[in-house]
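Report on the following structure.
Chain A is the first sequence line, chain B the second, and so forth, proteins listed ahead of strands; every chain is numbered from 1. Computed from a predicted structure; not experimentally measured.
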There are 2 protein chains.
Amino acid sequence: MPRFSQKREAILDCLRETKSHPSAEWIFHRLRPRFPDLSLGTVYRNLGQFKRQGLVSSVGVVGGLERFDGEVTPHPHFVCDRCGEVLDLPPQPLPESIRAEVEVLGARVTGYTCCLHGVCQICQSMEHGNIENQKEISNNSGGM
Amino acid sequence: MPRFSQKREAILDCLRETKSHPSAEWIFHRLRPRFPDLSLGTVYRNLGQFKRQGLVSSVGVVGGLERFDGEVTPHPHFVCDRCGEVLDLPPQPLPESIRAEVEVLGARVTGYTCCLHGVCQICQSMEHGNIENQKEISNNSGGM
DNA sequence: ATGACTGCAAAGACTTTGCATCTTT
DNA sequence: AAAGATGCAAAGTCTTTGCAGTCAT
């Protein structure tokens, strides 16, 4: 059975405190100052464990990186295809018509992920020759 | 500007003819008999081109493999977390409330992906000790 | 001929894993 | 002590890319 671990706790807390829907690397870099000997493998291992336990959810893979969410109540997301930022959208009840359709298929539904894709406000502002916000990109992305 | 290519045509056709929401590898193996010298890199390159051109859509990454869809009209999917099968669900209008919410964020939406997750009928039947359908798994999965 | 497309293999990027060591109970 | 958890580095997967040769226009 699982035991207490300072680092595991920190990883879970980190995930729950941020709204960036971070990747494993993002968490790793965030915690590195506090745990200079933290290893990326540990972050991956614990995230996998959290997922199996239903403590965290996955937003899906964005730009090659899996993004996690400390909020497990199902809700849709907006994903910026430019910078990779992930934003929360208000929870939506799954349309009854869909639920019915899945039943016809004989499948059992355990959850869902829904991502609107597009371009976020900041990235739009840069499309018009405005590069003022350019540096924001690397800061906004939970990609790392 | 792009030119005609026998293999590219075959890749697109293959994607449009199947309902398996295949991965690059699946397409590769499917076309190998007809094009013994086909290379996996070519499949990836063309899929990437199709995506940029909007000729195909992406279902997302399932079990580590990106899955594609020849149907570009947005519609939700069901993904079996056991065998990786991807099924089509009938198109659903994006709830107005969500569209409004995204506008508040100032983001521009270009599309969406929605995947219900769960266990498909075949995999359910195997949960009860029935292994009759076991071999089906490898055939049903577009994973490869 | 020219520019595009492809095969091949190497390189990249993200994630998983084996093993010795250190922690928690 | 016993069972877990971690660091480290190697291995695994999937995908991208460089380059030389091939094909379409």
Quiz item: How about A:Ser57 and A:Glu71: does a side-chain donor come under 3.5 Å of a side-chain acceptor?
Solution: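 No.
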Whether [X] contacts [N] is assessed here as follows: a side-chain N or O lying under 4.0 Å from the phosphate OP1 or OP2. Is that the case?
X	N	value
A:Arg3	C:dT23	no
A:Lys7	C:dT23	no
B:Ser5	C:dT6	yes

What integer distance in Å separates [X]:[atom1] from [N]:[atom2]?
X	N	atom1	atom2	value
B:Leu40	C:dA10	CG	C1'	14 Å
A:Met1	C:dT25	CE	C1'	11 Å
B:Trp26	D:dC14	CH2	P	17 Å
B:Phe28	C:dC8	CZ	C1'	11 Å
A:Leu31	D:dG7	CG	C1'	15 Å
B:Arg8	D:dT22	CZ	C1'	14 Å
B:Glu25	D:dT13	CD	C1'	10 Å
A:Glu66	D:dT13	CD	C1'	15 Å

More than 12 heavy atoms from other groups under 6.0 Å of [atom1] on [X]:
X	atom1	answer
B:Arg32	CZ	yes
A:Arg30	CZ	no
A:Gln53	CD	yes

Exercise. Assign each of B:Val61 and A:Arg32 to its nearest nucleotide of DNA chain D by heavy atoms, then name whichever residue's nucleotide is nearer the 5' end.
Key: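 Its nearest nucleotide being more 5', the pick is A:Arg32.
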Quiz item: Of all of residues 41-56 of chain B, which get a heavy atom below 4.0 angstrom from DNA chain C, listed by number?
Solution: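 Only B:Thr42, B:Arg45, B:Asn46 qualify.
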Quiz item: What does A:Gln6 touch in the nucleic acid at a heavy-atom separation under 4.0 angstrom: a base, only the sugar-phosphate, or nothing?
Solution: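 If one applies the 4.0 Å heavy-atom cut-off, A:Gln6 turns out to touch nothing in the nucleic acid.
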Quiz item: Does the pair B:Ser23 and B:Glu66 meet the rule for a side chain to side chain donor-acceptor pair (under 3.5 Å), with working shown?
Solution: CA-CA 6 Å; B:Ser23 65; B:Glu66 177 162 20; over 6 Å; no
Quiz item: So among B:Leu55, B:Asn46, B:Asp69, B:Leu47, which one has a side-chain contact (heavy atoms from CB on, under 4.5 Å) with B:Leu15?
Solution: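 When side-chain contact (heavy atoms from CB on, under 4.5 Å) is applied between B:Leu15 and each of B:Leu55, B:Asn46, B:Asp69, B:Leu47, only B:Leu47 qualifies.
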Quiz item: Quick check: does any side chain N or O of A:Arg67 sit under 3.5 Å from a backbone N or O of A:His21, one acting as donor and the other as acceptor?
Solution: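 Yes.
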Quiz prompt | Among D:dA5, D:dG7, D:dT25, the nucleotide that comes nearest once only the side chain of A:Pro2 is considered | solution =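 Of all the options, the side chain of A:Pro2 is nearest to D:dA5.
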